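Have a look at the structure below before the remarks.
All values reported here derive from a predicted model rather than from experimental measurement.
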Amino acid sequence: RVQLVESGGGSVQAGGSLRLSCAASGYTYSSNCMGWFRQAPGKEREGVAVIYTGGGSTYYADSVKGRFTISQDNAKNTVYLQMNSLKPEDTAMYYCAADSWGCNLPTRWLSSEYNYWGQGTQVTVSS
């Protein structure tokens with residue numbers, strides 16, 4: 001059974017940093033997409049960062065470019081999201097996602113691209 005377990009969320013002040021982790025069990029990624037999405041109250045879920053595990057290519061939403069970094073540790077089957085210079089508008093529930101059918105880069109920002117999801121970890125940034 002595939003499980004994605006996020007950790008690392010919390011409350012920080014604007015300008016602070018957090019590192020989210022997504023530990024995958026029952027799932028071995030090779031040439032897949034793994035992504036971080038977020039959803040704020042009253043808003044739609046949006047893609048934040050995606051990594052192509054086959055080669056390590058990374059992709060970011062414009063709103064987080066230059067501030068967030070997605071990375072992978074193959075030995076630990078874990079994907080990370082380093083978040084720096086956090087802003088109040090980054091406040092949301094953050095979800096890790098993975099696909100099992102290989103990465104389709106043109107649709108990497110669509111939730112439907114991913115069939116495995118974690119339970120989410122809350123990030124709150126105060127001004």
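Between atom OG1 of residue Thr69 and atom CE of residue Met83 there is a gap of 11.0 Å, rounded to the nearest 0.5 Å. In this structure, Ser31 OG and Asp99 CG are separated by 10.0 Å, a value rounded to the nearest 0.5 Å.
Each of Met93 and Val12 belongs to its own hydrophobic cluster when Ile, Leu, Val, Met, Phe, Trp and Tyr are linked at side-chain heavy-atom distances under 4.5 angstrom. Clustering ILVMFWY residues whenever any of their side-chain heavy atoms sit less than 4.5 angstrom apart, transitively, puts Trp36 in the very cluster that holds Val2. Both Phe37 and Leu105 are assigned to one and the same hydrophobic cluster, defined by single-linkage of ILVMFWY side chains at heavy-atom distances under 4.5 Å. By the rule that hydrophobic residues join a cluster once side-chain heavy atoms approach within less than 4.5 Å of another member, Leu20 and Leu4 end up as members of one cluster.
For Arg19 and Tyr80, the positive end sits near the middle of the six-membered ring, less than 6.0 Å away and at most 45° from its axis.
Tyr116 pairs by the ring pair (Phe, Tyr, Trp, His ring centres under 6.0 Å) definition with Tyr27, not counting sequence neighbours.
Ion pairing between a basic and an acidic side chain is recognised when a charged N comes within 4.0 Å of a carboxylate O; Lys65 and Asp62 show such pairing.
Closest heavy-atom contact between Val125 and Thr91: N-OG1, 2.8 Å. Residues Met34 and Cys22 share a closest heavy-atom pair of CE-SG, 4.2 Å. The shortest heavy-atom contact between Ala92 and Ala40 is CB-N, 3.8 Å. Taking every heavy atom of both residues into account, Glu6 and Gly118 meet most closely at OE2-CA, 3.2 Å. Counting all heavy atoms, side chain and backbone alike, Ser112 lies closest to Trp101 at O-CZ2, 3.9 Å. Pairing each heavy atom of Ala14 with each of Pro88, the nearest pair is CB-CD, 4.1 Å.
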Determine all donor-acceptor pairs shorter than 3.5 Å in which one atom belongs to a side chain in residues 46-53; sequence neighbours excluded.
| unit_1 | atom_1 | unit_2 | atom_2 | d |
| --- | --- | --- | --- | --- |
| Glu46 | OE2 | Arg38 | NE | 2.7 |
| Glu46 | OE2 | Arg38 | NH2 | 3.2 |
| Thr53 | OG1 | Ser30 | O | 3.0 |
| Thr53 | OG1 | Asn32 | N | 2.9 |
| Thr53 | OG1 | Asn32 | O | 3.0 |

(request) Could you give me the CA-CA distance, side-chain angles and deciding distance for Tyr114 and Arg108, then say whether side-chain contact (heavy atoms from CB on, under 4.5 Å) is met? (result) CA-CA 8 Å; Tyr114 304 87; Arg108 62 188 179 273; 4.0 Å; yes

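Classified by interplanar angle (parallel below 30°, tilted 30° to 60°, perpendicular above 60°), the ring pair Tyr94/Phe68 is tilted.
Between Tyr59 and Trp109, the gap from one ring centroid to the other reaches at least 6.0 Å.
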